[in-house]
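This structure is a prediction, so every number in the text was calculated from the model and none was measured.
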Amino acid sequence: MKKSRDDYLTIFFISIIGIYIFIALAFPMYAILSKSVENKDGIFIGFENYQSYFSNPALVYSIYNSLFVSIITMVITITLAFIFAYALTKSRMAGKGIFRSIAMIPILVPSLLSGISLIYLFGKQGIFRELLMGYEIYGPIGIIIAEVFYTFPHALLIIITALSIGDARLYEAAKVLRSKPIRTFFTVTLPSAKYGVISAAFVVFTLVITDFGIPKVIGGQFNVLAVDVYKQVIGQQNFEMGAVVSVVLIFPALLAFVVDRIVQRKQVAILTSRSVVHEPNKNKNFDTIMFIYCSFISVFILTIIGMCLYASLVTFWPYNLTLSLTNYQFDLMDGGGWDSYYNSIRMACYTAFFGTIVVFAGAYFVEKSRSVKTGRTILHLLSMMPMAIPGLVLGLAYIFFFNHPDNPLNFLYGTMAILVICTITHFYTVSHLTALTSLKQIDNEFEHVSSSLKQPFYKTFFKVTVPISLPAIFEIGIYFFVNAMTTVSAVVFLYSSKTNLASVAVLNMDDAGDIAPAAAMGMMIFYTNAAVRIVYVLITKKILVRFQKWRTKTTS
């Protein structure tokens, strides 16, 4: 069959996006795998580096430490998040919107900020250090508490979605059969949400085992894999061993990703078109218990953020508790000064703008194009890969690939562009899935009608698809912006003196002993993300009213 102009344009755009993903992900990952089997002179030595790694007890022990804190954090976070989500979806308590908003706060701050807060709360000069009864916050205790704070909203969002799909007809049947509430929970609620809970568990596990900021700040002598990568590269300049540890770190993250994908497919399969939304009944005692529980979790989250705010305003902890803005004079301290903050805003804006375009266009061709089936399948598989690659590993891979003297793209190394490319790639998968979900809701008849009228696909794209998908497009943009402001691991190896970022400045100031200024910079990131989120809500409401009138039912 002769190819049409649309087919050629589709092939062209799919090729462009595919080349981008290959350059931004596939080639760098090949570079890090190659580096792990080479010596310092670049000569292939097989698995000698791996033998050296596994013969070092201290390095191998990091694997155990990483698995330990990841599993413990996973169990604690899933338990806390499930009860919180259950309260939001299955109770009639007051203040649900407030509780949910508070629970989302950790997404707006760098992960290492919770570690800094815990140092002020339970460190050697902390306010509540006696509560640890002789134990130290530096090490697994501090890492686990901080990671629970960091991963809680991620697990909560998934579990809320899982609990929201419960079929009201099953609850009615249980009521008719006079089933006790506890039996209804184990026979109706839990089975319908189990796939979501399992998926949330693996997401939390992946976030913890690949996180770098928290164990770096509060881990003390408790080594984990992510910190080992940083120490090998920055501390010892041993890039080969850093590559080996990176490859080791990929395996548990990759395994968790594969299982999560399998679970999510099964989760979709339990939904039916005849399902009825379950509306909880009012129960004063149950609603009160859930309100108290959510208040307790909210106090925990607000205490972590509040302690950072207080620490950032104290003149000199703990000797001079006078409030001032001294710690916000970043230009007088190591870490990059105010320029690092402005660089982060620039990088976040570039990431949000270009990332949204690339991701939505890629998802459109994967979902809506009817030609080049093989190319679309390959593009979709490539789009799913970034979720399985830890940010620290991706950043190190960029060093090996883009900093190679024979690479024609070497000019990108040390520029703002490489930070933007790395950040877009790191957070590509979630945005891709968001775009796909939105596009799947649009009937393919639009494309068929357009084709029958011999209209080019791009007219349908700009006049139909984009206006309908505006909510998802805006959500992708804000997702990229917030994560670009808070990410540390993906960019810690790639910034230069001219492109230092606020999140990295927090790390550098903490390393230099300027913990209060580090907390201040972390709070600046929080203020920025919170303000952007508020402005986003206000602006999108007006824009959506204009472009989404078709969603409003009118009566004649």
Asker: With under 30° as parallel and over 60° as perpendicular, where do the rings of His154 and Tyr150 fit, or are they tilted in between?
Answerer: perpendicular
Asker: Supply the atom-to-atom distance Thr377 OG1 to Leu382 CG, rounded to the nearest 0.5 angstrom.
Answerer: 11.0 Å
Asker: Tell me, with the steps shown, if Asp510 and Lys216 meet salt bridge (charged side-chain N to carboxylate O under 4.0 Å, His left out).
Answerer: CA-CA 10 Å; Asp510 178 76; Lys216 179 67 176 66; 5.7 Å; no
Asker: Could you tell me whether the side chain of Tyr428 and the main chain of Met387 form a donor-acceptor pair under 3.5 Å?
Answerer: no
Asker: I'd like to know whether the aromatic ring centres of Tyr53 and Tyr50 sit less than 6.0 Å apart in this structure.
Answerer: no
Asker: I would like to know whether Thr151 and Thr77 meet side chain to side chain donor-acceptor pair (under 3.5 Å); could you show each step before the answer?
Answerer: CA-CA 7 Å; Thr151 58; Thr77 302; 3.2 Å; yes
Asker: Measuring from atom CG of Asp211 to atom OG of Ser489, what distance do you get when rounded to the nearest 0.5 angstrom?
Answerer: 7.0 Å
Asker: If you look at every heavy atom in Tyr536 and Pro471, which pair is closest and at what distance?
Answerer: OH-O, 4.4 Å
Asker: Any heavy-atom pair between the side chains of Pro252 and Phe205 that's under 4.5 Å?
Answerer: yes
Asker: For Ser431, run the side-chain contact (heavy atoms from CB on, under 4.5 Å) check against Asn483, Val359, Leu436 and tell me which one passes.
Answerer: Val359
Asker: When you measure from the side chain of Ser36 to the backbone of Leu33, do you find a donor-acceptor pair of N or O atoms at a distance under 3.5 Å?
Answerer: yes
Asker: Measure from the side-chain N and O atoms of Asn238 to the backbone N and O of Gln232, and report whether any donor-acceptor pair falls under 3.5 Å.
Answerer: no
Asker: With distance as the sole criterion, is a donor-acceptor pair present between the side chains of Tyr138 and Gln221 under 3.5 Å?
Answerer: no
Asker: On the 0 to 90° scale, with breaks at 30° and 60°, tag the Phe239-Phe400 ring pair as parallel, tilted or perpendicular.
Answerer: perpendicular
Asker: Is there a donor-acceptor pair closer than 3.5 Å between any side-chain N or O of Ser117 and the backbone N or O of Leu113?
Answerer: no
Asker: Closer than 3.5 angstrom, by distance alone: can the side chain of Ser114 be matched with the main-chain N or O of Ser111 as a donor-acceptor pair?
Answerer: yes
Asker: Is a side-chain N or O of Tyr293 found less than 3.5 angstrom from the main chain of Leu80, in a donor-acceptor match?
Answerer: yes
Asker: Taking the side chain as C-beta and beyond, is there a heavy-atom pair between Phe401 and Ile32 under 4.5 Å?
Answerer: no
Asker: Using 30° and 60° as the class limits, which term best fits the ring planes of Phe84 and Phe99: parallel, tilted or perpendicular?
Answerer: perpendicular
Asker: Is there side-chain contact between Met29 and Val393, with heavy atoms separated by less than 4.5 Å?
Answerer: yes
Asker: Just by distance, do the side chain of Asn500 and the backbone of Ser340 share a donor-acceptor pair under 3.5 Å?
Answerer: no
Asker: Pick one: which of Ile421, Val420, Asn403 meets side-chain contact (heavy atoms from CB on, under 4.5 Å) with Leu412?
Answerer: Ile421
Asker: Would you call the rings of Phe300 and Phe149 parallel, tilted or perpendicular, where under 30° means parallel and over 60° means perpendicular?
Answerer: perpendicular
